[in-house]
*Asks:* 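Just passing along the structure, written as structure tokens.
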There are 2 protein chains.
Amino acid sequence: MLVSTDLRPNETRALAALFRAGALSRAALARDLGLTRSTTGALVLGLTEAGLARERSDGADDEQDGEGRVGRPGILVEIDGNGGFFLGAYIGVNWIAAVAVDLAGVKRAGASRVFAGPGSTPAAAVAIIKELVAEVRSQLPAGTRPYGLNVAVPGFPAADGVSYHATILGWHGVNLAELLVSAFGDEFPILLENDANAVAVAETYRAQPGQDDEDVLVMLIENGVGGGIINAGRLHRGRLGGAGEIGHLRIGDEGFVFDAKRPGRLESYVGKDALLARYLHISGLRVGVDEFVAAIASGDPAAVATARDWALWFGRGLATLTCTLQPERIILSGSVNAVYPFVAEQIEAFLSDFLAEGYPVPSIELARVGADGPALGAACLLHQAALSGDPQFQLRGLAAR
Amino acid sequence: MLVSTDLRPNETRALAALFRAGALSRAALARDLGLTRSTTGALVLGLTEAGLARERSDGADDEQDGEGRVGRPGILVEIDGNGGFFLGAYIGVNWIAAVAVDLAGVKRAGASRVFAGPGSTPAAAVAIIKELVAEVRSQLPAGTRPYGLNVAVPGFPAADGVSYHATILGWHGVNLAELLVSAFGDEFPILLENDANAVAVAETYRAQPGQDDEDVLVMLIENGVGGGIINAGRLHRGRLGGAGEIGHLRIGDEGFVFDAKRPGRLESYVGKDALLARYLHISGLRVGVDEFVAAIASGDPAAVATARDWALWFGRGLATLTCTLQPERIILSGSVNAVYPFVAEQIEAFLSDFLAEGYPVPSIELARVGADGPALGAACLLHQAALSGDPQFQLRGLAAR
DNA sequence: CGACGTTTGTTCGATTTGCATACTAATTGA
DNA sequence: TCAATTAGTATGCAAATCGAACAAACGTCG
């Protein structure tokens, strides 16, 4: 009879090692885990029978050094993606999305729908998520049960830890977790995550094999400015998952848009509204980000001057964040990041000038993940938890008993 | 024959659980580790024979609930401090210190000496550390070999990861690690850590039993302003251990002390020099921190006004850091923290006003650890690494073979 | 006070896990 | 063709853990 069995600690460790490396021979895996080859062979056999790992079929191998490698070549073993699935969802201002990531960390399915965020109720959003999740699950192999659902939201839990405030959606004090649980039952655990944090995970998770302990700051720049902090490959969540609210950074006295209560914040200088307000002030033209970027590209002096002002304040924010977090990379996400390439030199010069001598200057890059980044990152967080041995997402395999 | 043997994984986990809880019965430990009572009994027996754990002798027990606890009471087991020692040292501007922390996380020995930092060579500092370490080791039980030495330094490694810059000591591009290794040989591993990071660990490590995953920001305010970030109980080091350089936070345009190259930094508003310069500007008096604090206490209007200005900028810095990191607590260390109590109300009011609605306001506390905080924290970092199973600090026990 | 339920610690055999040591297989280099 | 080297597998043994039993030590309640 086939039964679902919990994985033993070393089986989970083996999967994590395979995930980090992409694929390993049994011998390499043994070295990685500090076990003998015989033990590792048995481990791989178990994982293979359980449908969680498989030998790589395509002849491609010798990833490691290829050249003067003497001795019998190994058979690469990799994770079998079909071994498990993790669901992520995103409640955005304009749309709602759901995705599934498989055991190999690859996106396997996705669905989305437009959503009139402000004005809609949380219950309406949850209903849409329920439909999208069903749609996503229908795209997965039959008979699979996901390990969990993580929902990215543009907001934060309040000090009590449960009531969500999503100002941008007009939601205050909503118990989203309860709504979701009552919609989905207890088939799998349900978590919530801030959208900027999720994007940060999506941008950095498994960016390159073997590199899983980076220090990265991801900035998400739209009207507001959010951020996600990755420390040694892990999300720095803060007390209630509210770390990285970098739009509230106090970097000056006023701002390009006026805010009587909280003047001088980063997002009142570098957010989308602020940028366009500055351009309006200089040029007298009211435009969107795309038009503005086109104006810089065409050499419009007002646009160039606006971008220069924007870069001045953006550089201040970057300097503050770099000192505080010392990231290796800073990744810019959100529509406003299109402005960055035009002022990259200015900002990088300012940064290396402002930072102390010898202090490493982070490299600044543009985002690679698309619009479903928050949903993807949310799912990746579950994947990470499962491969880390988190008991809440204890991996299972099918075994003959 | 007695031989030194490496601990098995579950023995290390058991010690970590005992450390977290302070003391546990075998049954409680079994629940904590997810093992059976019989296995745990054997585990405890092994640890006891190896001299790493012991039954608590003082009759004091029932820490847990005492009241209606039915059933046979357990025998509390705790870590035997003599099971191992961890060395920490600190190279300060005016003095050098060394301490030893035992396996139970308790400071067991210390020694210090004055040191004319600026003007002295790194080699001279290393020679003093060598003497102090010998002095500290002589205070420990005979025959013990420490697991490692961690040296806290007021500086950071440069982008290459090895050459240290300690501007405050006048050192640039020094390979401190190499100097230390050549002085001590390879008897035990030697590490380096920034002093503010070390203080942060000293202030938070084992602050209260059972609470080991806090989010805390520790600010160290002297002439410069440094910081250490504790995320989920772990030091957030950044790429090269240089995270938390919060003195460079850009919060304004100028500063109370002038800095042409990097104007507007937090430390040019709230550092010791800045504070006293502001007081000089207002009162015409040139004083030290102690006198300044006495002046506030006595109601001197110039001092009170200075403190109010100080608090204004300090609040801006706190707001920025709170948004970025969302700590539960902020701990103020360094001599300037004596000013805080006089402006606590003002700063807390500003903070809860500036932060978004529902955003948790961190509690702000004064430091508890004394002047050897950096050395203590450095030693605690090794203790933490050893109990986490870091192979570099693999715990050992004495066992009959 | 004593029977009863509950929890702890220990004992002991069974089971599982991992290691050491072989051995075969597949490749490079001479 | 023949070492040398590395990968994978089989097998017996040692260690770690479990499961079930049992005695010990405490509350509770009649």
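Everything quoted here is computed from the prediction, not taken from an experiment.
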*Asks:* For A:L76 and D:dA7, what is the distance between atoms CG and C1' respectively, to the nearest whole Å?
*Replies:*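 The answer, rounded to whole Å, is 12 Å.
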
*Asks:* Does a side-chain N or O from A:N10 land closer than 4.0 Å to OP1 or OP2 of C:dT17, or not?
*Replies:* no

*Asks:* Taking only the side-chain nitrogens and oxygens of A:T36, find out if one of them lies under 4.0 Å from OP1 or OP2 of C:dC19.
*Replies:* yes

*Asks:* Would you kindly give the CG-to-P distance between A:D32 and D:dA7, to the nearest whole Å?
*Replies:* 14 Å

*Asks:* In whole angstrom, give the distance that lies between atom CG of B:L29 and atom P of C:dT7.
*Replies:* 18 Å

*Asks:* Run B:L395 and B:E11 through side-chain contact (heavy atoms from CB on, under 4.5 Å) and show every step you take.
*Replies:* CA-CA 9 Å; B:L395 289 168; B:E11 289 180 324; over 6 Å; no

*Asks:* Considering only heavy atoms and no angle criterion, is a donor-acceptor pair shorter than 3.5 Å present between the side chain of A:R72 and the base of D:dA7?
*Replies:* yes

*Asks:* Could you tell me the separation between the CG atom of B:L45 and the C1' atom of D:dT17, rounded to a whole number of Å?
*Replies:* 15 Å

*Asks:* Just how far, in rounded Å, is P of D:dC18 from CZ of A:R8?
*Replies:* 13 Å

*Asks:* Side chain of B:P73 only, heavy atoms from C-beta on: which candidate in D:dA25, C:dT6, C:dT8 is closest?
*Replies:* D:dA25

*Asks:* Is any NZ, NE, NH1 or NH2 atom of the basic residue among A:R239 and B:E214 found under 4.0 Å from an Asp or Glu carboxylate oxygen of the other?
*Replies:* no

*Asks:* I want to check one thing: is the phosphate of D:dT28, taken as OP1 and OP2, less than 4.0 Å away from some side-chain N or O of B:R69?
*Replies:*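 Result: no.
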
*Asks:* Which of these passes ring pair (Phe, Tyr, Trp, His ring centres under 6.0 Å) with B:F86: B:Y147, B:Y205, B:F188?
*Replies:*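 So the option named by the test is B:Y147.
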
*Asks:* Rounded to whole Å, how long is the line connecting atom CG of B:D6 with atom P of D:dA15?
*Replies:*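 After rounding, the gap between these two atoms is 15 Å.
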
*Asks:* Please state whether the phosphate of C:dC19, meaning OP1 or OP2, lies under 4.0 angstrom from any side-chain nitrogen or oxygen of A:T39.
*Replies:* yes

*Asks:* Taking atom P of D:dT17 as reference, at what distance in whole Å does atom CZ of B:R26 sit?
*Replies:*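 Computing the B:R26:CZ to D:dT17:P distance gives 16 Å.
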
*Asks:* Please state whether the base of D:dG8 and the side chain of A:S38 form at least one donor-acceptor pair under 3.5 Å?
*Replies:* no

*Asks:* Quick one: A:L43 CG to D:dA10 P, roughly how many Å, whole number?
*Replies:* 15 Å

*Asks:* Nearest heavy atom decides the nucleotide; on that basis, is B:T40 or A:R31 closer to the 5' end of DNA chain D?
*Replies:* A:R31

*Asks:* Does a distance-only test, which skips hydrogens and angles, find a donor-acceptor pair under 3.5 Å between the side chain of A:R37 and the base of D:dG8?
*Replies:*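 Looking at the base of D:dG8, it does pair with a donor or acceptor on the side chain of A:R37 (distance under 3.5 Å).
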
*Asks:* Do the charged groups of B:R137 and B:E187 touch, with an N to O distance under 4.0 Å?
*Replies:*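 Salt bridge: yes.
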
*Asks:* Cut-off 3.5 Å, side chains only: do B:R234 and B:N231 have a donor facing an acceptor?
*Replies:* no

